[in-house]
Asks: 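First, the structure itself, so that you have it in front of you.
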There are 2 protein chains.
Amino acid sequence: MLSILVAAMSLPSVSLSLEQLLERVRRAVPRLTKGKKAVLSALYGAKHPLTAHEIYMHIAKGIHHTTSETPNTKQNLPIDLVTIYRNLEQLERLHLVVKIEHSQTGWRYALTDRPHIHTITCTECGQEISVGECLMADIEQFIAQKTGFTNIHHVVHFTGSCPQCQHHSAST
Amino acid sequence: MLSILVAAMSLPSVSLSLEQLLERVRRAVPRLTKGKKAVLSALYGAKHPLTAHEIYMHIAKGIHHTTSETPNTKQNLPIDLVTIYRNLEQLERLHLVVKIEHSQTGWRYALTDRPHIHTITCTECGQEISVGECLMADIEQFIAQKTGFTNIHHVVHFTGSCPQCQHHSAST
DNA sequence: TTTGCTATTGCAAGTAGATTGCAGTAATTT
DNA sequence: AAATTACTGCAATCTACTTGCAATAGCAAA
Ligand SMILES: [Mn+2]
Ligand SMILES: [Mn+2]
Ligand SMILES: [Zn+2]
Ligand SMILES: [Zn+2]
């Protein structure tokens with residue numbers, strides 16, 4: 001059984017450039033707006049799944065602050081958080097974005113079909129560390145065969161007691 | 001809109017009676033209260049993981065309604081929802097209860113170490129069906145070895161397009 | 001380039017799951 | 001029975017997320 005796990009660890013990296021991705025989205029949606037581009041760019045550059053708020057912060061930081069030299073025009077206003085939620089919802093319907101997990105601060109989103117890692121959180125101290133590349137591919141394959149579903153994705157999060165916190169346990 | 005889990009959990013293979021479970025909890029907590037017993041009883045009898053609100057409703061239904069014959073005493077008042085949340089939190093800290101998944105209506109809780117199944121939800125029509133017994137044991141074993149964590153549990157949910165809804169897809 | 005259509009946006013208000021403060025209650029020990 | 005204090009209920013609060021609506025901005029036809 002562990003052989004399955006080892007086999008699943010060498011992941012195919014499907015590299016689609018941001019421009020290719022945007023072109024694909026342009027064909028799929030009625031309007032390729034500034035907000036949609038910003039959300040896709042944020043997710044494209046992300047090293048791990050992001051919450052809507054993290055996407056918002058990422059976009060806001062990428063925009064010039066208002067100074068006497070750079071006046072407050074519509075170009076340098078951040079995208080409203082509600083617009084980010086609506087764009088994520090639309091991109092989800094197109095299967096271009098997926099909810100990967102529900103963290104303590106809300107859902108985390110990522111581009112579909114990207115190699116990704118999962119994390120484990122200590123329920124006692126809150127420490128969150130990587131458990132490495134996703135090992136769910138074979139399980140999803142199995143589910144696809146068994147159920148006939150397509151576009152299968154998963155929401156996963158692990159919890160436990162980290163090495164520093166292992167004591168006072170009532171369980172086996 | 002949202003479908004309810006269909007027969008998501010079987011009874012524990014290692015049969016611990018409710019009385020044995022309560023005895024174990026009695027030794028682990030300072031006070032074995034009416035609320036704690038009610039929460040544990042609800043989870044013990046559940047066929048699938050329950051939300052805090054579902055536990056609340058379960059407890060309320062199990063208590064006599066007030067009539068002229070059965071006056072409104074403290075015995076037939078339901079347990080307050082906030083008390084259910086606090087008891088679940090305490091039982092989680094003792095690793096006796098775990099959050100199994102985040103449904104559309106909130107977190108679902110179950111007794112620890114119970115065999116369980118997982119489900120897949122169609123993102124288009126909302127249909128939710130079983131994918132069979134949990135297949136995560138090997139992955140958890142792998143994570144335990146790699147990270148040194150103990151008491152490892154997981155939150156998992158699958159989504160996809162069901163056979164009846166497979167069309168208009170922008171992904172591969 | 002200008003114009004028209006309407007998808008999309010920002011703002012504000014609303015929803016609902018979950019948390020917190022606190023005064024009173026009840027489970028347990030002596 | 002009395003003492004101790006973990007626990008409870010109520011109300012207020014927090015916050016991730018959604019919804020209504022008038023204004024805006026993609027996009028393409030003219
Ligand atoms: Mn994964
Ligand atoms: Mn499982
Ligand atoms: Zn820890
Ligand atoms: Zn469907």
Side-chain angles (χ1 to χ4, degrees), chain A residues 22-23 25-40 49-57 59-60 63 72-94 97 99-109 123 126 155 157 168 170, chain B residues 1-2 22-23 25-40 49-57 59-60 63 72-94 97-109 155:
Chain A
L22 290 176
E23 191 48 46
V25 174
R26 171 169 275 127
R27 277 184 258 109
V29 301
R31 315 244 164 118
L32 182 53
T33 60
K34 190 173 70 132
K36 230 159 262 165
K37 286 183 209 166
V39 168
L40 287 163
L50 303 177
T51 63
H53 186 256
E54 285 169 343
I55 294 171
Y56 176 79
M57 297 300 277
I59 294 172
I63 292 171
N72 187 0
T73 68
K74 289 186 176 170
Q75 290 303 320
N76 54 23
L77 288 175
I79 308 300
D80 195 273
L81 191 53
V82 73
T83 298
I84 291 170
Y85 276 111
R86 288 197 268 227
N87 280 330
L88 287 170
E89 186 188 3
Q90 186 178 17
L91 293 167
E92 259 195 291
R93 263 185 268 119
L94 294 167
V97 162
K99 285 177 186 166
I100 291 290
E101 67 182 26
H102 187 102
S103 74
Q104 234 31 37
T105 58
W107 287 103
R108 289 183 180 278
Y109 300 82
T123 53
V155 174
H157 196 72
H168 44 64
Chain B
M1 179 90 184
L2 44 117
L22 290 176
E23 192 47 46
V25 174
R26 170 169 274 127
R27 278 183 257 108
V29 301
R31 315 246 164 117
L32 183 53
T33 59
K34 188 173 70 129
K36 228 159 265 165
K37 286 183 209 166
V39 168
L40 287 163
L50 302 177
T51 63
H53 186 256
E54 286 169 344
I55 294 171
Y56 176 78
M57 296 300 279
I59 294 171
I63 292 169
N72 187 0
T73 68
K74 288 185 179 174
Q75 290 302 321
N76 54 22
L77 288 175
I79 307 301
D80 195 272
L81 191 53
V82 74
T83 298
I84 291 170
Y85 276 111
R86 287 196 268 228
N87 280 329
L88 286 170
E89 185 187 5
Q90 186 179 17
L91 293 168
E92 258 195 291
R93 261 185 270 118
L94 294 167
V97 162
V98 279
K99 285 177 189 167
I100 289 289
E101 68 181 24
H102 187 102
S103 73
Q104 240 21 44
T105 59
W107 288 104
R108 288 181 182 279
Y109 299 81
V155 175

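The sequence lines fix the lettering, A, B, ..., with proteins before strands; numbering per chain opens at 1. This structure is a prediction, so every number in the text was calculated from the model and none was measured.
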Asks: With a 4.0 Å cutoff (strictly under), does any side-chain N or O of Tyr85(A) reach OP1 or OP2 of dC17(D)?
Replies: yes
Asks: Hey, does Thr105(A) reach any base, or is it just sugar-phosphate, or nothing, if we go heavy atoms under 4.0 Å?
Replies: sugar-phosphate
Asks: Could you list the protein-to-nucleotides 7-9 of chain D atom pairs, N/O on both sides, closer than 3.5 Å?
Replies:
residue : atom : partner  : partner atom : Å
dC7(D)  : OP1  : Lys36(B) : NZ           : 2.9
dC7(D)  : OP1  : Gln90(B) : NE2          : 3.4
dT8(D)  : OP1  : Thr33(B) : OG1          : 2.8
dT8(D)  : OP2  : Asn87(B) : OD1          : 3.4
dG9(D)  : OP2  : Asp80(B) : N            : 3.2
dG9(D)  : OP2  : Thr83(B) : OG1          : 2.3
dG9(D)  : N7   : Arg86(B) : NH2          : 3.0
dG9(D)  : O6   : Arg86(B) : NH2          : 2.7

Asks: Would you say the side chain of Val29(B) lies within less than 4.5 Å of the side chain of Leu94(B), judging by non-hydrogen atoms?
Replies: yes
Asks: Atom NZ of Lys37(A) and atom C1' of dA25(D): how far apart are they, to the nearest Å?
Replies: 12 Å
Asks: Should the ring pair His102(A) and Trp107(B) be called parallel, tilted or perpendicular, given that the plane angle runs from 0 to 90° and is split at 30 and 60?
Replies: perpendicular
Asks: Given atom CD of Glu89(A) and atom P of dT8(C), what is their separation to the nearest angstrom?
Replies: 11 Å
Asks: Distance check, rounded to the nearest 0.5 Å: Met57(A) atom CE versus Glu54(A) atom CD?
Replies: 9.5 Å
Asks: Measuring from atom CD1 of Ile55(B) to atom OH of Tyr85(B), what distance do you get when rounded to the nearest 0.5 angstrom?
Replies: 9.0 Å
Asks: Rounded to whole angstrom units, what separation is found between the CZ atom of Arg26(B) and the P atom of dA6(D)?
Replies: 18 Å
Asks: Can you measure Glu92(A) atom CD to dC17(D) atom P for me and round it to whole angstrom units?
Replies: 11 Å
Asks: Please report the distance, rounded to the nearest Å, between CH2 in Trp107(A) and C1' in dC17(D).
Replies: 12 Å
Asks: Quickly work out the Tyr56(A) OH to dA16(D) P distance and round it to whole Å.
Replies: 14 Å
Asks: Any ion pair linking Glu89(B) and Arg86(B) (charged N to carboxylate O, less than 4.0 Å)?
Replies: no
Asks: Write down the distance between CZ (Arg27(A)) and P (dC27(D)), rounded to a whole number of angstrom.
Replies: 14 Å
Asks: Calculate the interatomic distance between Leu94(A) atom CG and dA7(C) atom C1'; express it in whole Å.
Replies: 14 Å
Asks: As a quick check of understanding, evaluate side-chain contact (heavy atoms from CB on, under 4.5 Å) for Lys37(A) and Leu22(A), giving each step before the final call.
Replies: CA-CA 7 Å; Lys37(A) 286 183 209 166; Leu22(A) 290 176; 4.2 Å; yes
